[in-house]
Each structure stands twice: as C-alpha cells, then as structure tokens.
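In what follows, a single structure is set out as structure tokens and then discussed.
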Amino acid sequence: MPAPKPKQPTGSPLMVNVYDGTRQLLKQGTDILYRVIDGNQKPIYTKDQAKSSVYFKDLPFYDNFGDNYTVIVSSDGYRQAGFTPAKLSPSISSSIDLMLIPGDGQFNFATAPGVWAKTNLPFMGNGMDDPAGEARIRNLIENKPASLAALLNITTAMGQIQLPQGTPLDYLKRVLWDDSLAQDRFFAYCDPELLNQVRTAAAQGEFAPEVGPGFFHPGATASWKQIQFGEANVQLTFHEDEEIKINGLTCIVVEPDIDYYKDLGAHALLEVIPNALSGGLTNPQEVYVLRWIAGRHAGVPEFNPPYTIVSA
C-alpha cells in the first residue's frame, strides 16, 4: 500500500519584526497595533500585541494577486510604518522588518562625526584642514541637523551602489558647503567618469533615466534614478556645465538625492508637488526609515548611517 502523500500547506507563513530608530528591536512590552491586509484589501489581522515580533503561521493563500499583502504597524508616540506589497507563499517563510520612530524624533549623531567623516567620506574634508572640517560638521549638528542627516543618508546609500567600477562615492571630490546643502540633497564636484559609470549601469538595468531632468532639477543636463527598491532610491543628477579643476582634474557637479517613491508619477504627485505647495522638503527621517525597511526586505547590507533617531 503506497504511503499517503504529505499534506500540502494551504496557508502562508510570515514573521513581522518591529525595530526602533536605533535599529534595535522595539522594547518588549510596548503595545503595537499589527494590521495585515491581503491583496484583495481584506483585513486579515488587526490586534494589539505587547511584543516586537509576531509570527503568522497560516495567512490565507490565494495563488493570485490576493497574496500581495500589506503590513502596517503603529504604536502610541510613534509614527506609523508599513510595507507593501509583500508577496506571500506557502513554500516560502517570509519576514518583514519595520521601523517605528518617535513622533518627536531627533537625530543622535556619532560621538565623533568629524573623525568618522574623515575616515569614511574623505571628500567631505577636501580643501580644508581638519579643525575646519570638524567645526563645519559641528555647525551642521547645531544649526542644520536635518541637512547633515540627509548628507549621511545619501552618502551611505551611495556607498552601497555597485557601479561597473567602484561606487559613486569613489568619484566624489568635494562637497559644495553652501546654502545648496539642504535636507533633501547636496551638491558636490565629481570626476566626470561617474557620468559614464552611471550610463553603463543604466544600460545594465540598474538605473532609469529621468526625462527632462531640468524640470525637477534646474540647470541639470542628465539624471538617473536607482531602481533597486520600491522606495528611497538614490538619484544622481548631473550639471555638466559647471566645471572646476581639483588637483588638475576638470570636475563637474553632481546633485545626489533620495526620493520617497520610485514611480515618477507618485514622486511628482505625492512628494514634489506637496513640497512645492507647502514649502517643505523631503524629510530625512522618513528617508531613513524607508531606505532601512527597503534594504531589509531586499536582503542587502543594512542601511546604517552614523546616526540614529531617538525621542527628544
């Protein structure tokens, strides 16, 4: 008599972990509202749990678009976070890591940011002595912390991009330390070879070109956006008409930034236009959360800029 066939699983497993702004699991005992919604927009689970990790053993499996789940977490005193779409299957043990940051969150920078920058981002100190560089970063911490956080977000993400040769950071020569250093972007002089490297990476499907880059970036001549993640991708915009010689090399200007959304329409409707109407700028705390969540879901090295977000 043939052995009975093993029973096939009919539900999808999912582990949800919730971290705080220090990139550590949220303190146990904190009440967290977990919401799980299937691809049919049907709520499957809505419940408070006083723990930072919840395992769902048997979520409904549809074998169609209904398996594109959305997971949302929230807690008193924290900003809501979520992820979608999470494609679930009985044959794969999926996990989603989310991050809740305090509603009154503030930046907690490394204890010696100048030393860290000199080691990891030498282009930031190009053209100035060490005391001047340390003083400049200290001034940003005191007077423009969001701009420093944006600079660290963007450069950390750039350091994780593999071009045909090196990373974008390898081609940066000097930051423009002026009012253009904002909480959503910075400008730097770079080796023009960076432009060729990005073109090659785009031909290999790593970046997508932006049509009419001068519309969103006045004076720009070319622009490409990373397409690795659903949110918080790096965009590299070039201003080839702005040149300067650094150590004998004729450099051009690159304008790196990180948008919330990969889709150009969503970027325009949900980010650019609201910011223009309100006079606001992309929030580096939101970028920090989105980029960290996207990286965890993609299974790439952790996004770990030299600061954390803590309660004020």
Side-chain angles (χ1 to χ4, degrees), residues 14-37 45-56 69-88 93-110 145-146 148-160 183-184 226 228-234 257-262 266 270-271 281-312:
L14 174 66
M15 172 67 80
V16 179
N17 302 302
V18 183
Y19 291 74
D20 63 19
T22 69
R23 304 190 288 275
Q24 302 296 317
L25 284 170
L26 200 65
K27 183 179 178 181
Q28 292 294 331
T30 304
D31 281 331
I32 302 170
L33 175 62
Y34 291 84
R35 297 174 58 203
V36 179
I37 304 165
Y45 184 92
T46 303
K47 187 176 180 180
D48 280 300
Q49 295 270 20
K51 52 186 179 180
S52 56
S53 295
V54 174
Y55 180 64
F56 300 93
Y69 278 77
T70 297
V71 179
I72 302 170
V73 295
S74 57
S75 182
D76 288 345
Y78 293 87
R79 302 180 201 173
Q80 179 177 281
F83 186 87
T84 192
K87 179 70 173 178
L88 301 189
S93 183
S94 301
S95 66
I96 294 177
D97 294 336
L98 301 174
M99 179 181 285
L100 291 177
I101 60 173
D104 62 350
Q106 66 178 12
F107 303 106
N108 181 30
F109 293 100
L148 177 58
L151 176 64
L152 297 174
N153 282 345
I154 298 166
T155 52
T156 299
M158 290 171 68
Q160 296 178 330
Q183 71 174 56
D184 64 340
Q226 182 189 24
Q228 182 176 9
F229 308 116
E231 296 84 24
N233 288 290
V234 172
D257 71 282
I258 294 180
D259 297 324
Y260 293 153
Y261 307 104
K262 178 170 69 174
L270 302 177
E271 188 171 359
L281 296 171
T282 301
N283 186 336
Q285 292 193 11
E286 299 296 335
V287 168
Y288 174 94
V289 172
L290 289 172
R291 181 77 185 200
W292 184 87
I293 292 174
R296 297 283 287 196
H297 186 72
V300 300
E302 182 167 314
F303 178 69
N304 59 348
Y307 76 88
T308 56
I309 299 175
V310 298
S311 182

List the residues meeting ring pair (Phe, Tyr, Trp, His ring centres under 6.0 Å) with F303, not counting sequence neighbours, and say none if there are none. none
Applying side chain to side chain donor-acceptor pair (under 3.5 Å) to N304 and not counting sequence neighbours gives none
Taking side chain to side chain contact (heavy atoms under 4.5 Å, CB included) as the definition, give me every residue that meets it alongside A146, ordered by chain and number, with sequence neighbours left out. F107, Q183, P284
Reported CG-to-CD1 distance for the pair D104 and I309, which is rounded to 0.5 angstrom: 11.5 Å
Interatomic distance, CG@L14 vs OG@S93, rounded to 0.5 Å, equals 8.5 Å
Pairwise distance OH(Y78) to CG(D20) - rounded to 0.5 angstrom: 6.5 Å
Take R23 and Y288 through the test side-chain contact (heavy atoms from CB on, under 4.5 Å) and record every step on the way to the result. CA-CA 11 Å; R23 304 190 288 275; Y288 174 94; 2.9 Å; yes
With sequence neighbours left out, the residues meeting side chain to side chain donor-acceptor pair (under 3.5 Å) with T84 are T70
If a pair satisfies salt bridge (Lys or Arg N to Asp or Glu O under 4.0 Å) and one of its residues is in residues 286-298, list it, with sequence neighbours excluded. R79-E286, D97-R296, R296-E302
Taking atom CG of D76 and atom CG of L33, what is their separation to the nearest 0.5 Å? 9.5 Å
Could you grab the distance from atom CD of Q226 to atom CG of D259, nearest 0.5 Å is fine? 11.0 Å
Side chains of D257 and T282: does their closest heavy-atom pair fall under 4.5 Å? no
Who pairs with Y69 by side chain to side chain donor-acceptor pair (under 3.5 Å), at least two apart in sequence or on another chain? none
Report yes or no: does S75 contribute a side-chain atom to a donor-acceptor pair with the main-chain N or O of D31 at less than 3.5 Å? yes
Run the side chain to side chain donor-acceptor pair (under 3.5 Å) test against T46 and tell me which residues pass, sequence neighbours left out. none
Heavy-atom closest contact (I101 atom, G21 atom, distance): CG2-CA, 3.9 Å
Show, in sequence, the C-alpha distance, side-chain angles and deciding distance for Y19 and L100, and conclude whether the side-chain contact (heavy atoms from CB on, under 4.5 Å) test is met. CA-CA 6 Å; Y19 291 74; L100 291 177; over 6 Å; no
Mind checking side chain to side chain contact (heavy atoms under 4.5 Å, CB included) for S95 and listing every partner two or more places apart, or none if nothing turns up? M15
Selection residues 148-158 - residue pairs positive for side chain to side chain donor-acceptor pair (under 3.5 Å), sequence neighbours left out: N153-Y307
Could you tabulate the donor-acceptor pairs under 3.5 Å formed by side-chain atoms of residues 49-56, not counting sequence neighbours?
| unit_1 | atom_1 | unit_2 | atom_2 | d |
| --- | --- | --- | --- | --- |
| Q49 | NE2 | Y45 | OH | 2.8 |
| S52 | OG | L26 | O | 3.4 |
| S52 | OG | Q28 | NE2 | 2.7 |
| S53 | OG | N17 | OD1 | 2.7 |

Value rounded to 0.5 Å, distance of CD in E231 from CD1 in I258: 12.5 Å
In chain order, what residues pass the side chain to side chain contact (heavy atoms under 4.5 Å, CB included) check against V300, with sequence neighbours excluded? Q228, F229, A298
